[in-house]
Engineer: 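Below you'll find the structure I mean.
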There are 2 protein chains.
Amino acid sequence: MGTAERKERDRQEMRQIILDAAQRLFLDEGYEHVTIRRIADKIEYSPGTVYLYFKDKDEILCALQEIGFAEFYRRQQILSGIKNPAEKLRAHGRVYIQFALENPELYDLMFIIRAPMNSHPKDTEWEIGMRSLNVLRENVQECMKANFIKVGSVDAISFGIWSLVHGMVSLIIRERIPMIPAEHRTAFVEESLDFVLAEILEKN
Amino acid sequence: MGTAERKERDRQEMRQIILDAAQRLFLDEGYEHVTIRRIADKIEYSPGTVYLYFKDKDEILCALQEIGFAEFYRRQQILSGIKNPAEKLRAHGRVYIQFALENPELYDLMFIIRAPMNSHPKDTEWEIGMRSLNVLRENVQECMKANFIKVGSVDAISFGIWSLVHGMVSLIIRERIPMIPAEHRTAFVEESLDFVLAEILEKN
DNA sequence: TTATTCACTAAACTATGTTCAGTAAATAAT
DNA sequence: ATTATTTACTGAACATAGTTTAGTGAATAA
C-alpha cells in the first residue's frame with residue numbers, strides 16, 4: 001500500500017509549488033510584496049493552506065535564502081579553475097559583487113534582512129553562511145601560502161575582505177550612496193575593490 | 001497679537017514630545033516596537049493625533065535618523081584634534097565602529113533600514129549622509145597630501161574604507177557573522193580594520 | 001457500508017499604518 | 001456678551017498584514 005509514500009510526494013510537490021510562487025513573487029516584485037495572501041492567490045489556494053506546508057513566513061523566506069545560497073555557492077565554485085591565488089581572490093571579489101548587484105533582492109534576503117534569521121536557533125551556527133565564508137578563507141589561506149599575503153590572521157583578513165565587498169554592495173542596495181550614477185556602479189565598485197586588494201596583495 | 005506665534009511654539013513643542021517618546025521607544029525596545037499606537041500610548045494621546053504633527057511614520061523615523069547623524073557627526077568632529085592624518089584615519093575607523101556597536105538600533109536606522117529613506121525624494125542627494133562621508137574624504141585627502149597614500153582616487157578609496165567599516169558592523173548587527181563571541185567583537189573588528197589600514201597606509 | 005482521517009477553506013483574531021467624521025474648547029467676529 | 005469660526009483632538013473605521021481555527025466535503029480505512 002503506497003498511499004503514505006504518494007502522500008509524502010504530494011506534500012513535497014505542494015511545498016515546491018508554494019516555493020516557486022514565492023520565488024517568482026520575490027524576484028518579480030521584491031521582498032515587500034511577498035505576502036502569504038499573494039502567494040495563496042498565485043497558487044489559487046486559500047492563505048490557510050500555506051500554513052499546512054510551512055510553519056510560518058520565515059520558513060518560506062529561509063527556503064528562498066537557501067536557493068540564493070545554492071546559486072551563490074555555485075558561482076564561487078567556478079573560481080576553483082583559477083590557479084593563481086591572488087588572481088583568484090580578485091575574481092572572487094568580482095563574482096561576489098556581480099552576484100549582489102545582479103540579484104539585489106536575493107542578496108538582501110541572504111545578507112541584510114533580519115526576518116529569515118529568526119528561524120535559525122539563536123545559539124546555532126549559521127551553517128549556510130559559514131560554507132561560503134569558508135571558500136573565501138581557503139582562498140586567503142592559499143594567498144598566504146603563496147606569500148601574496150605575509151602578515152595577519154586568516155580570520156581577520158577574510159572577515160575584512162568579506163566586509164569590504166558586503167559593505168559596498170549593501171550601501172548601494174540600501175541606497176546610502178547616491179553619489180554614483182547607476183551605470184558606473186560596477187566600474188566604481190571594482191575600482192575600490194582593486195585598490196584595496198592591490199594594497200593587501202604583495203607584488204611578488 | 002502673538003497667538004499665532006504661541007501656536008507655532010506649541011506645535012513644535014508637541015512635535016518634540018512625540019519625537020522624544022519615539023526615541024525612547026526606539027532605543028529601549030528597538031525599531032520593530034516603534035508603532036504609532038505605542039507612541040500615542042506613551043504620550044497619552046490618540047493615534048490620530050500623531051498624524052496632526054507628522055505626515056507619516058517615515059517622517060518620524062527620518063527625524064530620529066537626523067538625531068543619530070547629529071551624534072555621529074559630533075563624534076567625527078572630535079577627530080579634528082589629531083594632527084597626523086594616518087593616525088586620524090585609524091581613529092576615524094575606530095570611532096565609526098564604536099558608534100555602530102554602541103548604538104546598533106540607531107546605526108541600523110541610519111545606514112541599513114530601508115524605511116526612512118522613502119521620505120527622501122529619490123533624485124535628491126542624501127545630504128545628511130554626504131556630510132559624514134565628506135569628513136572621511138577630507139581625511140583621505142590629507143593622507144594623500146602627506147604621502148601616506150600614493151595611488152588611487154579619493155572617491156574610490158573613501159568609499160572603500162567606508163564600505164569596510166560599514167560591512168563589518170552591519171554583518172555583526174544583522175547577525176551574519178556568529179563566529180565571533182560578543183565579548184571579542186570590538187577587538188576582532190579592530191584587528192581587521194588595522195590590518196587593512198596598515199596595508200593602505202604606506203610606512204613613511 | 002460505515003467510520004475515520006485528511007486537505008482545504010471561510011472566517012475570524014490580532015496588530016499594523018492611516019483616514020475621517022464628529023466634538024468640544026479656544027479663538028475671532030460681531 | 002453673544003455668535004461664528006477655527007482648531008485640537010478623539011473614536012471608530014478602513015485596508016493590509018500574519019496567523020489560527022471551526023467546519024466541510026472528499027479520500028481513505030475499517
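Reminder, nothing fancy here: chain letters follow the sequence lines and each chain counts from 1.
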Engineer: Would the Y96(B) and F72(B) ring centres measure less than 6.0 Å apart?
Structural biologist: yes
Engineer: Roughly, in whole Å, what's the span from CD1 in I36(A) to P in dT14(C)?
Structural biologist: 20 Å
Engineer: What's the closest nucleotide to the T3(A) side chain, out of dT18(C), dA29(D), dA8(D)?
Structural biologist: dA29(D)
Engineer: DNA chain C: H33(B) or K7(B), which has the more 5' nearest nucleotide?
Structural biologist: H33(B)
Engineer: Counting side-chain heavy atoms from C-beta on, which of dC9(D), dT9(C), dT18(C) comes nearest to Y45(B)?
Structural biologist: dC9(D)
Engineer: Of the nucleotides dA29(D), dA7(C), dT18(C), which one has an atom closest to the side chain of P47(B)?
Structural biologist: dT18(C)
Engineer: Considering heavy-atom distances to DNA chain D, does R38(A) or G48(A) have its closest nucleotide positioned more toward the 5' end?
Structural biologist: R38(A)
Engineer: Take the protein atom CG of D41(B) and the nucleotide atom P of dA15(C), then report the distance between them rounded to whole Å.
Structural biologist: 12 Å
Engineer: Rounded to whole angstrom units, what separation is found between the CE atom of M14(A) and the P atom of dC6(C)?
Structural biologist: 17 Å
Engineer: What's the CD-P distance between E32(B) and dT14(C), to the nearest Å?
Structural biologist: 21 Å
Engineer: Can you tell me how far C1' of dA15(C) sits from NZ of K57(B), to the nearest Å?
Structural biologist: 11 Å
Engineer: When you get a sec, tell me which of dT18(C), dT19(D), dA8(D) is the closest nucleotide to the side chain of R37(B)?
Structural biologist: dT18(C)
Engineer: State whether Y51(A) places a side-chain N or O below 4.0 Å from either non-bridging phosphate oxygen (OP1 or OP2) of dT21(D).
Structural biologist: no
Engineer: Hey, does Y53(A) reach any base, or is it just sugar-phosphate, or nothing, if we go heavy atoms under 4.0 Å?
Structural biologist: sugar-phosphate
Engineer: Give a yes-or-no answer on whether the side chains of Q16(B) and D20(B) include a donor-acceptor pair shorter than 3.5 Å.
Structural biologist: yes
Engineer: Tell me whether N103(B) contacts the main-chain N or O of F99(B) through its side chain, where contact means a donor paired with an acceptor under 3.5 Å.
Structural biologist: yes
Engineer: Specify the separation, in whole Å, of atom CD1 of I17(A) and atom C1' of dC8(C).
Structural biologist: 14 Å
Engineer: In whole angstroms, how far is the C1' atom of dA17(D) from the CG atom of D58(A)?
Structural biologist: 14 Å
Engineer: Looking at E29(B) and R24(B), does any basic side-chain N land under 4.0 Å from a carboxylate oxygen?
Structural biologist: no
Engineer: Which listed nucleotide (dG11(D), dG18(D), dT9(C)) is nearest to the side chain of L52(A)?
Structural biologist: dT9(C)
Engineer: Among dG18(D), dT9(C), dT10(D), which is the nearest nucleotide to the side chain of T49(B)?
Structural biologist: dT10(D)
Engineer: Using 4.0 Å as the upper bound for N to carboxylate O, is an ion pair formed by R15(B) and E59(B)?
Structural biologist: yes
Engineer: Would you say R6(A) places a side-chain N or O within less than 4.0 Å of OP1 or OP2 belonging to dT28(D)?
Structural biologist: yes
Engineer: Classify V50(A) by what it touches in the nucleic acid, base, sugar-phosphate, or nothing, heavy-atom distance under 4.0 Å.
Structural biologist: nothing
Engineer: May I have the distance from I39(A) (atom CD1) to dT19(D) (atom P), rounded to whole angstrom?
Structural biologist: 11 Å
